[in-house]
Amino acid sequence: MIISQQKPFEEILSALGDSRSVFIVGCAKCATVCKSGGEEEVWQMQEALTSSGREVTGSIIIDEACHMLRVGRDLRSKQQMVDDADALLVMACGAGIQSVSAAIPKKTVAALDSMFLGNIKRFGHFEQKCSLCGDCILNESAGICPVTACSKGLLNGPCGGMDEGRCETDPDAECAWALIFARMKESGDTLNLVKSSPPKNYTKIPKPGKLKLSK
Amino acid sequence: MTEITSNLERKLARGEFVLTAEVCPPKGTDCSDFLKWSRTLAGVIDAINVTDNQGANMRISPLAASLILHREGVEPLFQITCRDRNRLALQSDLLGAAALGIRNVLALTGDHISFGDHREGKAVFDLDSVQLLESMKVLESGFDLSGKKLAGTPSFFVGAAAAPEAEPFELTLFKLRKKAAAGAKFFQTQAVFRPEKMARFADAVAPSGVKIIAGVLLLKSAGMARYINKNIPGLTVPDEIVAELEQAANPAETGVEIACRLANALKPYSDGIHIMAMGREEVIPEIAQALK
């Protein structure tokens, strides 16, 4: 899931600028789980905007704001409220925000910062395990991704800052390579401790990313 | 056959004990102090390590600073990290070094950008230190990483970093082996405070034939030791040394004594000593003298 966080309210107000009336868009998927753009947060935003003198013309929670066709269709169902607004405030990830800006030729304001593809550890506690690098090496790294778990993304072992199995950037964080090493030793599959991993191939992630399934 | 142009390489090959020291290039364009210290040390030191945005603090390019030394007849050991350059920039700086006559290169990953003075920047780490070492081998074979032929082939005397005190030791060992296999001819180590850990390290490295230049850090006060423990990645000053500095009447002098004592204690397990004087370059000759 895409982990997102609400921007400071002052920043949102400043981005709204002189748009006096606002239509709010939330997302029922990731932003709801992250408590950054679900029903409750959209309602709170509405309250906050109203108390700071803006008019809220209406709101909608889209089932998946990254789904472009659905966003277009759902916004059409609230046509009047959308038309009445000077700006749309979107409480979804960057993908969701851009589904909205693509659907409506009107000022679109981002209320959230999108952070990472996250695993849910427990309620309200998210961790990044995958960087979406397009060139998965989990089969060679004992199922733990060093591209993500190592703060430097090192592919061939720990850096000189590792000590007591901890990361130089955060003494509370375990060194990714300490975890990988332990798991490789446990499984006896230690080939990748001997053989060096080549540089990553970044052509596998075109930027911007595109994928069209052929049948 | 390439002509050997590195004094460091020649001495290590002959089995002579070497001395290196770190001199940090300036933040700015005024290299006079950098040059003054490097010239002063040239008589006692075999090569001067020119650090690369050390601790992720932006300074003059180590390639430029290395050239300034090289032109003065002072032998540089050009440090190059993967933090600030992608594979194109690494290769082009390496070719630049070779074309300018700089042969000694220390291939490093680099401290994390969050330690330095530009922490909002984007860290690169396109390659890691093992891949950087392998890239140097590729360049030395007359090709670049894309397989294209080079006009003129570089030749380097290549070193890598090691942290002999880091635990668990076996976790660091497999990477050291990869570095040796990737062509590292010497390990220049992080500061070592416990000679027994250096003995363990030397035993482990011996089969690879890679030379060892043991790191000695010059401390000047207990406060500095505590600061290092808190802020410098991969460095831990043991409590008893902190206490020794704390109780010293003249901590700066005691710091020199500790450095001399450690240098002598590490000598049996190494092929050279690397002195990190942390801005007190004037005492390096004294430490060098103590090793005689």
Checklist entry - At a heavy-atom separation under 4.5 Å, does B/Arg87 approach chain A through its side chain, its backbone, both, or neither? => result side chain
Checklist entry - What option among A/Pro198, A/Pro158, A/Gly161 has the most heavy-atom pairs under 4.5 Å with chain B? => result A/Pro158
Item to check | More than 12 heavy atoms from other groups under 6.0 Å of NZ on A/Lys106 | outcome: yes
Next on the checklist: Checking an interface table here. Which of residues 114-150 of chain B come within a heavy-atom distance under 4.5 Å of chain A?
Outcome noted: B/Ser114, B/Phe115, B/Phe125, B/Asp126, B/Leu127, B/Asp128, B/Val130, B/Gln131, B/Glu134
Item to check | Note: A/Glu127-A/Lys121 ion pair, threshold 4.0 Å (strictly below) | outcome: yes
Next on the checklist: Between A/Lys185 and chain B, with a heavy-atom cut-off of 4.5 Å, which part of the residue counts as in contact: side chain, backbone, both or neither?
Outcome noted: side chain
Next on the checklist: If the threshold is 4.0 Å, N to carboxylate O, is there a salt bridge linking B/Asp111 and B/Arg83?
Outcome noted: no
Item to check | The single option from B/Asn104, B/Asn53, B/Asn49, B/Thr51 passing side chain to side chain donor-acceptor pair (under 3.5 Å) against B/Gln79 | outcome: B/Asn49
Next on the checklist: I'd like to verify something: which residue of A/Cys159, A/Gly160, A/Ser151 has the highest number of heavy-atom pairs under 4.5 Å with chain B?
Outcome noted: A/Ser151
Next on the checklist: Checking A/Ser187 against A/Asp189: is there a side-chain donor and acceptor pair closer than 3.5 Å?
Outcome noted: no
Item to check | Side chain / backbone / both / neither for A/Pro171 at chain B, heavy atoms under 4.5 Å | outcome: neither
Checklist outcome for this item: Within residues 168-183 of chain B, the residues sitting under 4.5 Å from chain A by heavy atom, in sequence order, are B/Pro168, B/Glu170, B/Leu171, B/Thr172, B/Phe174, B/Lys175, B/Lys178
Next on the checklist: Checking B/Arg200 now: which residues fulfil salt bridge (Lys or Arg N to Asp or Glu O under 4.0 Å) with it, not counting sequence neighbours?
Outcome noted: B/Glu167
Checklist entry - Taking atom types as modelled, is there a side-chain donor on A/Ser4 or A/Ser36 under 3.5 Å from an acceptor on the other? => result yes
Checklist entry - Is there a donor-acceptor contact under 3.5 Å linking the side chains of B/Thr236 and B/Asn229? => result no
Next on the checklist: Taking the basic N atoms (NZ, or NE/NH1/NH2) and the acidic carboxylate oxygens, is any pair closer than 4.0 Å for A/Lys107 and A/Asp86?
Outcome noted: no
Next on the checklist: If we count only N and O atoms by modelled type, under 3.5 Å, do the side chains of B/His112 and A/Thr169 hold a donor and an acceptor together?
Outcome noted: no
Checklist entry - Can we say B/Glu165 and B/Arg194 salt-bridge, meaning some charged N sits less than 4.0 Å from an Asp/Glu carboxylate O? => result no
Item to check | Toward chain A, the part of B/Ala163 with a non-hydrogen atom under 4.5 Å | outcome: side chain
Checklist entry - Can you list the residues that meet the salt bridge (Lys or Arg N to Asp or Glu O under 4.0 Å) rule with A/Asp170, with sequence neighbours excluded? => result none
